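So you know, we letter chains A, B, ... as the sequences are listed, proteins then strands, and number each from 1. As the structure is a computational prediction, the values presented were derived from the model and not from experiment.
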There are 2 protein chains.
Amino acid sequence: MFQVPTKTQYAIRALVHLVQVKTASVASIAETERIPFKYLEAIFSQLKSAGLLSADRGRSGGYRLAREPELILMSDVVKATEGDIRPVECVDDASICTVAEGCLPRRFWLGLKRTVDAYLASVTLAEIAEPLSPRNRIEPSPQLNEISIAAKKEHHS
Amino acid sequence: MFQVPTKTQYAIRALVHLVQVKTASVASIAETERIPFKYLEAIFSQLKSAGLLSADRGRSGGYRLAREPELILMSDVVKATEGDIRPVECVDDASICTVAEGCLPRRFWLGLKRTVDAYLASVTLAEIAEPLSPRNRIEPSPQLNEISIAAKKEHHS
DNA sequence: AAATATCCTACTAAATACCTATGAATATAG
DNA sequence: CTATATTCATAGGTATTTAGTAGGATATTT
Ligand code: FES
Ligand code: FES
């Protein structure tokens with residue numbers, strides 16, 4: 001359950017890459033991140049439509065972040081690749097449920113939606129792109145903010 | 001995204017029904033809850049295998065909860081119908097990722113898994129089956145809001 | 001014995017996820 | 001100006017998962 005589509009995983013990996021290199025072509029990112037080229041092209045098209053990426057065409061063109069990674073929330077990314085979080089249709093439209101009149105599970109789904117939304121909106125692209133500290137290469141701390149504070153600036157190979 | 005399969009929605013609706021009527025046949029639940037009979041039969045088979053339901057065959061048989069609804073967590077239900085929460089394969093096995101050596105997004109996925117797990121494990125079937133007060137037929141009860149906040153705080157601890 | 005349940009195995013249908021193919025439009029380097 | 005490298009647009013195709021059906025065997029009560 002809650003399997004995240006590869007599309008979104010690819011999107012995040014590619015965005016992290018762009019944080020580091022500032023600007024790059026789809027082809028180069030696809031190769032270094034081992035993502036199918038044409039698929040990534042389509043994904044970037046979506047991310048651009050969502051206002052997360054800017055592009056330059058032509059010989060020395062490429063993609064770059066449309067704004068600073070501190071201002072890109074993971075909820076923005078997920079929304080761009082997959083649309084709104086909607087555990088069940090009725091969180092948007094209670095009239096769908098056949099027993100909507102007094103439907104009990106609805107509260108539960110709304111709570112789930114809020115929980116996931118809150119988490120996704122609490123993590124920025126910049127935090128994900130922070131280098132890993134030696135301590136948490138295996139077992140990461142659940143709190144990304146603490147990681148980013150504790151993380152050193154050194155690079156790992 | 002995070003669309004919950006109808007299988008799980010059906011399971012929860014049916015379980016809530018069983019909280020209220022104590023014991024019932026698949027046919028009767030399927031009819032009153034508007035769930036396809038044969039599908040619900042298969043779902044109940046899974047829930048029984050998971051130890052959430054007990055059954056009696058024969059003329060006046062039927063299904064009933066295997067234990068008190070206060071002791072049935074929503075994480076139990078979801079696990080029974082869909083297996084473990086696993087946003088990406090690498091949360092279980094980091095060796096899958098092509099760049100697992102220093103994979104940055106992995107922390108993020110682990111945090112998501114923790115957040116969802118915590119929420120699902122914080123709500124019992126008994127709570128979902130609580131009757132709705134007139135005020136919160138539309139908006140979710142403060143009770144479940146507090147639950148989602150608690151889940152988030154747990155993640156921040 | 002008849003009726004009413006769960007239980008079991010297999011199958012189909014629909015939806016989604018994942019990826020590919022083709023090529024036009026655009027900008028740059030030389 | 002031309003060759004080349006890039007984004008952009010559209011139209012598919014395959015594999016997997018989800019959702020649901022079909023038919024009957026097995027157990028229990030009346
Ligand atoms: S309104 Fe959503 S299951 Fe009833
Ligand atoms: S280890 Fe999961 S995306 Fe890299």
Atom [atom1] of [X] to atom [atom2] of [N]: distance rounded to whole Å?
X     : N      : atom1 : atom2 : answer
B:I43 : C:dC8  : CD1   : P     : 17 Å
A:R59 : C:dA25 : CZ    : C1'   : 17 Å
B:E41 : C:dT9  : CD    : P     : 14 Å
A:K7  : C:dT20 : NZ    : P     : 15 Å
B:Y39 : D:dG23 : OH    : P     : 20 Å
B:F37 : D:dA19 : CZ    : P     : 19 Å
B:Y63 : C:dT4  : OH    : P     : 18 Å
A:Q3  : C:dC18 : CD    : C1'   : 13 Å

Quick check: on DNA chain C, is the nucleotide nearest A:S60 upstream (toward 5') of the one nearest A:A42, or the reverse? Name the residue that is more 5'.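 Per heavy-atom nearest nucleotide, the more 5' residue is A:A42.
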Classify the angle between the aromatic ring planes of A:F44 and A:Y63 as parallel (below 30°), tilted (30 to 60°) or perpendicular (above 60°).
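Answer is perpendicular, since the angle exceeds 60°.
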Note to self: Below 30° counts as parallel, above 60° as perpendicular, anything between as tilted: where do the rings of B:Y119 and A:F108 land?
What the structure shows: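 It falls in the parallel class, under 30°.
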D:dA22, D:dA9, C:dT6: which one has an atom nearest the side-chain heavy atoms of A:K38?
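Shortest atom-to-atom distance from the side chain points to D:dA9.
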Going by heavy atoms in the side chains, are [X] and [Y] under 4.5 Å from each other?
X      : Y     : answer
A:L53  : A:L65 : yes
B:T8   : B:V78 : yes
A:Y10  : A:L15 : no
B:L112 : A:M74 : no

Q) Is any side-chain N or O of B:R57 under 3.5 Å from a base N or O of C:dT6, one able to act as donor and the other as acceptor? A)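 Check passes, donor-acceptor contact within cut-off.
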* Asked: Does any residue of residues 45-55 of chain B have a heavy atom under 4.0 Å from DNA chain D, and if so, which ones, in number order?
  ->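 Within this stretch, nothing sits under 4.0 Å of the strand.
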Can you tell me if the side-chain N/O atoms of A:Y10 get under 4.0 Å from OP1 or OP2 in C:dC19?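 True: A:Y10 side-chain N/O within range (under 4.0 Å) of C:dC19 OP1/OP2.
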If you compare every side-chain N and O of B:T8 against the phosphate oxygens of D:dT18 (OP1, OP2), does one of them come in below 4.0 Å?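 It does not, given that no N or O in the side chain of B:T8 lies less than 4.0 Å from OP1 or OP2 of D:dT18.
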Margin query: Within the 4.0 Å heavy-atom criterion, would you say B:F44 contacts the bases, only the backbone, or no part of the nucleic acid?
Written below: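 Touches nothing.
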Upstream residue (5' side of DNA chain D) when A:G61 and B:D56 are each assigned their closest nucleotide
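Result of the comparison: A:G61.
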### Pairs involving residues 19-31 of chain B, ordered by first then second residue, that meet side chain to side chain donor-acceptor pair (under 3.5 Å) (sequence neighbours left out)
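Qualifying pairs, neighbours excluded: B:S25-B:S28.
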